[in-house]
Visitor: 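Have a look at this one.
Nothing here was measured: the structure is a model prediction, and the numbers come from that model.
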There are 2 protein chains.
Amino acid sequence: MEMTVNIKLNNKLFLRNPDESELGKKILQYSIILIHRIGFEAFTFKKLAAEIGTTEAGVYRYFENKHRLLLYLVDWYWSWQEYRLIYATNNISDPTEKLSIAIKLLSTSVEDDTSTSYIDEKLLFEIVIMEGAKSYLTRHVTEDNKHRLFKPYKDLCARIADIILECNPTYKYPRSLASSAIEMAHSHNFYVKHLPSLTDFNSLNTTHNVPDFIEDMVFSVIRIP
Amino acid sequence: MEMTVNIKLNNKLFLRNPDESELGKKILQYSIILIHRIGFEAFTFKKLAAEIGTTEAGVYRYFENKHRLLLYLVDWYWSWQEYRLIYATNNISDPTEKLSIAIKLLSTSVEDDTSTSYIDEKLLFEIVIMEGAKSYLTRHVTEDNKHRLFKPYKDLCARIADIILECNPTYKYPRSLASSAIEMAHSHNFYVKHLPSLTDFNSLNTTHNVPDFIEDMVFSVIRIP
DNA sequence: TACAAATGATAGCAATACTATCGTAAATAA
DNA sequence: TTATTTACGATAGTATTGCTATCATTTGTA
C-alpha cells in the first residue's frame, strides 16, 4: 500500500498554497536545502529562485517574505511531529511509555521520511534546531500569534502536557514542562554539535545522550522513578 | 562609599574598546535603548548613529557589525549575572540555598542597577530574553566559539553546574541541567509575555511563577525535596 | 608646539527586500 | 470552439542595508 501524508497549514502563512503546484513544491523542497546549506540569514528569495530556475518575483507570489516561509516550514515540522507522535503512541495505554516515546521522537535525528517526496525531514529537523527560534523571536510575535501561526507548536505542547497530566494529575506545571522538554530536545542537540561544554555529552561517548537526560529530567520532575 | 563595577570583555568583540571613550559608552547605552525599542532585526548602525548624533562610520570604528555588538551586550550581561551570583552567594555555605538564589537572579526581572551609568540592566535583561539566542544561532558559531566569544555564558553555566554537583555529587548531567535552567529562566519569561499557552502562569495569577517552576524542576531532578 | 589619535562629514557600492509591469502559455469556462 | 482567467517568466526599478574609503577637523598627549 502506498500512502502520502498531506499536512494542511494555516492559509495566512502563504499567498498561494505551495503544496498545490509543482513550482510551490519546488520552493519548499529547495528552500529547505538552501537554508540548510547557507543558513537563514544568508538565504534570499533571489538565491532560491536561481536554484530552482524561476525568478524572485515568482517566489514572492507564494510567500510574502522569507520569514513567512520559515514559519511555514517550522509549522509543517511541528505538525509532522505531532502526527508521528499520534502514530507512534497509538494503542499504547501506559502514559509513561507514551511520554518516553515522545521524548525520543523529538530529540533524535530522523532519516528522510519517504512519505513526503518534496520535504527532506532530516534536513528540516536540523533547520528547526538551528533556525526554529527565529520564527517567534521577532517584533511581530503577538500579531503572528493572533493569526494562529504558532498553533502546530502549541498543539504539540498541549498534547505532551496532557500525557504529563496522565502520568501525574497533581503536577502543577504540565504545560511549562512540556514546552521545556521540547525546547531542550532541540537546544541540547545544538549544544552537542556546537557548544559541547554546555552539555555532559560528546559525540564520542555515547553512553549518555540527549533523550536519556530529558527522560531523567521529566520523570524526576513528575516523580516517576 | 561609591563604587562602579567594570566588566572587561574579550577584545575580539570590538575594534575599539567602547568602555574607554564617551562615544563608545554612548554606543553601548543607545544600542540597548534602540534594540529594545525596534528589535535587533530592524536595528542598524545608521539608525544608532542618528540617535546619538554621530555617523555610521563612527559606529563601525567600534564594532565590526551589529552581530558583534549584540555579542558584546550579551557577554556583558552574562558577566554581570555571574558577578551578581558571586556577590549574592558570598558567605552562603548551603549549596541548595545558592542554587535557589541563582535561579531567582536569573529568572526575575531586575531594576536598572545604578552601579553602571551607561548600561540599563532592565532593558538589557529584556533584550537578552528576546534576542540572546541570536548571538549563537548563526553559521559562524564554531568560529565565534573558538575566539571564546561565549566564555561568559559558559562560565556562568559551569559555576551553576558546580553548585548542582555540590548539592548532589552523583547527579549525571550537571552541565546540561545548568544550561537548561538558565535557558528556561529566559524562555519562560518570554512565553509568559508573548505565548502564554506554553506555560502555566499568567500575569494576573501570581501564585505560580517562573522561578518556582524552575526551582521545582531543578530540585526534583537532583532529588532534593 | 608638534604630533598622533579620535571623530565628523561625505561619498560610493554591492546586495537585500521588495513592488510593478508586461507578455505568453496553459488550464478552464462559456 | 472561443474566450478568459491563472500561472509563470522576464525585466525594470526603488529604498534600505551593510558595509568601505577618503579627507578634514578637533582633541588630547609628548
Visitor: Please report the C-alpha distance between D144(A) and H67(A) in whole Å, then the side-chain angles of each, then the deciding distance to 0.1 Å, and finally whether the side-chain contact (heavy atoms from CB on, under 4.5 Å) criterion is met.
Guide: CA-CA 11 Å; D144(A) 287 353; H67(A) 182 262; 3.7 Å; yes
Visitor: Take the protein atom CG of L23(B) and the nucleotide atom P of dA9(C), then report the distance between them rounded to whole Å.
Guide: 12 Å
Visitor: I want to verify a distance call: between dA17(C), dG8(C), dT17(D), whose nearest atom is closest to the K47(B) side chain?
Guide: dT17(D)
Visitor: Just wondering, more than 12 heavy atoms not from K151(A) lying within 6.0 Å of its NZ?
Guide: no
Visitor: May I ask you to verify if any side-chain N or O of T54(A) is less than 4.0 angstrom from the OP1 or OP2 atom of dG9(D)?
Guide: yes
Visitor: Does OP1 or OP2 of dA6(C) have a side-chain N or O of Y62(B) closer than 4.0 Å?
Guide: no
Visitor: Can you tell me the distance, in whole Å, between the CG atom of L15(A) and the P atom of dC8(D)?
Guide: 13 Å
Visitor: Measure from CZ on F43(A) to C1' on dA15(C) and round the result to the nearest Å.
Guide: 16 Å
Visitor: Measuring only between side-chain heavy atoms, which start at C-beta, is R61(B) closer than 4.5 Å to F14(B)?
Guide: no
Visitor: May I ask you to say what F45(A) touches in the nucleic acid, namely base, sugar-phosphate or nothing, with a heavy-atom cut-off under 4.0 Å?
Guide: nothing
Visitor: Remember a base hit wins even if backbone is also touched, and classify F63(A) as base, sugar-phosphate or nothing at under 4.0 Å, heavy atoms.
Guide: nothing
Visitor: In whole Å, what is the span from the CD atom of E64(A) to the P atom of dT16(C)?
Guide: 20 Å
Visitor: Between dT16(C), dT11(D), dC8(D), which nucleotide gets closest to the side-chain atoms of T55(A)?
Guide: dT11(D)
Visitor: OP1 or OP2 of dT7(C) sitting under 4.0 Å from any side-chain N/O of S21(B)?
Guide: yes
Visitor: Rounded to the nearest 0.5 Å, what separates atom CG in L106(B) from atom CD1 in I160(B)?
Guide: 5.0 Å
Visitor: With a non-hydrogen cut-off below 4.0 angstrom, is R16(A) in contact with a base, only sugar-phosphate, or nothing?
Guide: sugar-phosphate
Visitor: Name the residue closer to the 5' end of DNA chain C, choosing between E56(A) and R61(A) according to the nucleotide with the nearest heavy atom.
Guide: E56(A)
Visitor: From the options dC19(D), dA17(C), dT11(D), select the nucleotide whose nearest atom is closest to the side chain of N65(B).
Guide: dC19(D)
Visitor: Is the distance from OP1 or OP2 of dT16(C) to the nearest side-chain N or O of K46(A) less than 4.0 Å?
Guide: no
Visitor: So, OP1 or OP2 of dT17(D): does either fall under 4.0 Å of a side-chain N or O from K66(B)?
Guide: no
Visitor: Between K134(B) and E131(B), does any side-chain N to carboxylate O distance fall below 4.0 Å?
Guide: yes
